[in-house]
Amino acid sequence: MSIRTRFAPSPTGYMHIGNLRTALWAYLIAKKDPEGVFILRIEDTDQGRLVEGATDVIYKTMEQCGLKHDEGPDVGGPVGPYVQSERVKSGLYMKYAKELIRLGGAHYCFCDEEMINAQREVQEARGESFKYDDPCKKLTIEEAEARIANGEKFVIRQTIPETGTTSFDDEVFGHITVDNETLDEQILIKSDGFPTYNFANVVDDHLMGITDVVRGMEYLSSTPKYNLIYDAFNWEKPRYIHCPPVMKDEHNKLSKRNGDASFQDLVAKGYLPGAILNYIAMLGWSPEGNKEIFTLDELVQAFNVAHIGQSGAIFDPVKLTSINGIWLRNMDLDSYYNLVKPYIDQAVKGDFDKKAIAKVVQQRADTLNDIPGMLDFFDTFPAYDNSLYVNKKMKTDETVALEALKAGREVLAKEDDWSEEHLHDVLMEIPKQMGRKNGQVLFPLRLALSGKQFTPGGAIEIAHILGKEESLRRLDLSIAQLEK
Ligand code: GLU
């Protein structure tokens, strides 16, 4: 049987990094199987939490990431509808809940908040965790249905065996056994007729033929209850892959509510979707060997559920930045140029060769948002202090610098071929002739041309981009400043 996985986000208006990692892992598990199917299901039954436009964020994120679903609300498929609120309209969950009641796995409940809270208070005062002991369980189905016919409000609750245990195997957390008496008889259908997640996930995963349920480990403790529902229906249970949490630090989960970055925030900060996926794939999963840079297709090949760990993985923005930088440097120049042109245009208004600028920036920028700040010296020649010429590592001081600038000025003034290759040839001759190290000439020249200690590109690239006239003008200004 081919693998079928699903990503089942609730539309909240942003893509949480932990959720995106769940989507990615579910995708990888499906795609590892050549026949595998990856499904998108929108879980929007919590009507109180609905956010306008939120499903569009989900579609857009999936598309930006290349996580293409084979079945889903927008592309259709054989087991739709793929939006839970549409499934509610067809009466499907109610039908299965009533079936479950007949099978003994659920019951009607007419209790009001007051009765439930009264029990809660007593139990919590005893220091027990709350578990509702529902007197409605004693009603026959006919009695209950008569009350419903009379217009009484009701919910449907799961009925849990009072004794015995329930066990299952999780692919990540191993064999888990719980005593049934610890499981609460959760609500499956609310008084508004909508299913809870606790019921809808089981019905939908079954009807959609999901073979591997990939989801956050917050659902691990409820899984025995879901399995009791599968058993009551005599449905085959899926494999479970509960994912360890993505952490902000040792004690706190990464959460948008605490102001932590969502996928959209990271993209806005200049990270590439591919690099984000590459990084988050490894939050809690370790590839074999030392390879760290993976395209999505390479992840499909490399991913392996057995290498998912149980402990929470800390989201490290520094690591993400370094992976992003590698992704940027791995791009061919044409694609890179197309990507960064808006960032260059933002910082450089003058008539310079923007592609040449892209080429130097590519070697330095780890995120797209770093780019404008690196290019502030093209349009205007910034004021700088002569003390910057004093550099131990480069073995330069003001005297060495002045000598280098004068030599550079003299050589460049004679040149008409301003190609990078030619500038390279003529400038590299200078240190040889002066008996200096390359850095003793090229570092002062770079500073004299840019006014900055750190720049993308060296003296040769910068002179090439600035052009002859502007290069000589800046050298003259810098020489005058040193001679003062
Ligand atoms: N809608 C649930 C969530 O966003 C889905 C959990 C699941 O994958 O089953 O957490």
Side-chain angles (χ1 to χ4, degrees), residues 5-27 38-69 71-75 80-89 93 186-187 190 192 194-205 208 210 213-222 226 241-248 252-269 271 273 276-277 279-281 283-284 312-313 315 317 320:
T5 66
R6 86 300 192 274
F7 176 45
S10 303
T12 54
Y14 54 85
M15 185 64 79
H16 181 269
I17 287 300
N19 278 351
L20 185 60
R21 191 206 48 184
T22 301
L24 172 61
W25 286 1
Y27 173 88
F38 175 58
I39 296 168
L40 176 65
R41 178 171 82 218
I42 303 293
E43 302 208 326
D44 60 346
T45 55
D46 193 347
Q47 297 285 310
R49 282 176 56 205
L50 287 193
V51 179
E52 179 79 20
T55 25
D56 293 334
V57 173
I58 296 170
Y59 292 135
K60 177 144 187 255
T61 305
M62 307 290 280
E63 197 186 316
Q64 275 178 300
C65 290
L67 298 179
K68 203 167 167 298
H69 47 280
E71 297 174 22
D74 49 345
V75 294
Y82 294 88
V83 178
Q84 275 182 340
S85 58
E86 289 172 30
R87 299 170 75 77
V88 171
K89 282 189 210 133
Y93 302 107
Q186 57 190 357
I187 293 177
K190 295 178 278 187
D192 61 6
F194 276 73
T196 57
Y197 167 81
N198 295 322
F199 190 52
N201 93 84
V202 173
V203 172
D204 288 347
D205 285 343
M208 294 183 176
I210 303 302
V213 167
V214 186
R215 64 182 168 214
M217 76 167 283
E218 62 272 27
Y219 297 100
L220 189 64
S221 64
S222 300
Y226 307 149
I241 295 127
H242 283 97
C243 310
V246 178
M247 309 292 287
K248 177 198 189 81
N252 300 293
K253 269 174 84 164
L254 200 70
S255 128
K256 180 76 184 159
R257 240 175 297 158
N258 298 335
D260 298 327
S262 66
F263 172 78
Q264 287 76 23
D265 295 333
L266 292 177
V267 172
K269 282 184 182 167
Y271 294 95
I276 299 172
L277 280 196
Y279 174 62
I280 66 174
L283 284 173
F315 179 87
L320 170 62

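- Side-chain contact between Ser255 and Lys248: absent, with no pair of heavy atoms (C-beta onward) separated by less than 4.5 Å.
- Ile42 contributes atom CD1, which lies 9.0 Å from atom OG of Ser10 (distance to the nearest 0.5 angstrom).
- Residue Pro244 comes nearest to Trp25 through the heavy atom pair CD-CZ3, 4.1 Å, listed as atom of the first residue, atom of the second, then distance.
- In this view, Lys253 satisfies the side-chain hydrogen bond (donor to acceptor under 3.5 Å, both in side chains) rule with no residue, not counting sequence neighbours.
- A distance of 10.0 Å separates CD of Gln64 from CG of Leu20, quoted to the nearest 0.5 Å.
- Across every non-hydrogen atom of Lys68 and Phe38, the tightest pair is O-CD2, 3.7 Å.
- Val57 is listed as a side-chain neighbour of Gln264, based on a closest heavy-atom distance under 4.5 Å.
- Ile276 contributes atom CD1, which lies 8.5 Å from atom OH of Tyr271 (distance to the nearest 0.5 angstrom).
- The shortest distance between side-chain heavy atoms of Leu67 and Leu277 falls below 4.5 Å.
- The two residues Thr22 and Cys243 come nearest to each other via the heavy atoms OG1-SG, 4.4 Å.
- Leu40 approaches Tyr82 most closely through the heavy-atom pair O-CB, 3.6 Å.
- Ring centroid separation for the pair Tyr219 and Tyr197 comes in under the 6.0 Å cut-off.
- You'll find the side chain of Thr45 stays beyond 4.5 Å of the side chain of Ser85, heavy atoms only.
- Distance check, rounded to the nearest 0.5 Å: CE of Met15 to CG of Leu266 gives 12.5 Å.
- Thr12 has its side chain within reach of Tyr14: a pair of non-hydrogen atoms, C-beta onward, lies under 4.5 Å apart.
- No side-chain heavy atom of Met208 sits less than 4.5 Å from a side-chain heavy atom of Arg6.
- The environment of CD in Glu63 is sparse: at most 12 heavy-atom neighbours from other residues, nucleotides or ligands sit within 6.0 Å.
- Arg21 CZ to Leu283 CG: the interatomic distance, rounded to the nearest 0.5 Å, is 6.5 Å.
- Side-chain contact between Tyr27 and Cys65 is absent, with no heavy-atom pair separated by less than 4.5 Å.
- Closest non-hydrogen pair, Leu254 versus His16, comes out as O-NE2, 2.8 Å.
- Under the 3.5 Å distance criterion, the side-chain polar atoms of Arg87 are matched with a main-chain donor or acceptor of Pro81.
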(message) Quick one, Phe194 with Tyr93, criterion ring pair (Phe, Tyr, Trp, His ring centres under 6.0 Å). Give me CA distance, side-chain angles, the key distance, then yes/no.
(response) CA-CA 8 Å; Phe194 276 73; Tyr93 302 107; 9.0 Å; no
(message) Let's go through Leu320 and Phe315 carefully: what are the C-alpha distance in whole Å and the side-chain angles of both, what is the deciding distance for side-chain contact (heavy atoms from CB on, under 4.5 Å) to 0.1 Å, and is it a yes or a no?
(response) CA-CA 8 Å; Leu320 170 62; Phe315 179 87; 3.9 Å; yes
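- Remark: the Tyr226 side chain and the Asn198 side chain contain an N/O donor-acceptor pair separated by less than 3.5 Å.
- For the atom pair CG (Asp205) and CZ (Arg41), the distance works out to 4.5 Å, reported to the nearest 0.5 Å.
- When every heavy atom of Ile187 is checked against every heavy atom of Thr196, the shortest pair comes out as O-OG1, 2.8 Å.
- Using a cutoff of 4.0 Å between basic side-chain nitrogens and carboxylate oxygens, Asp265 and Lys256 are scored as salt-bridged.
- Taking the side chain as every heavy atom from C-beta outward, Val213 and Ile241 never approach each other to under 4.5 Å.
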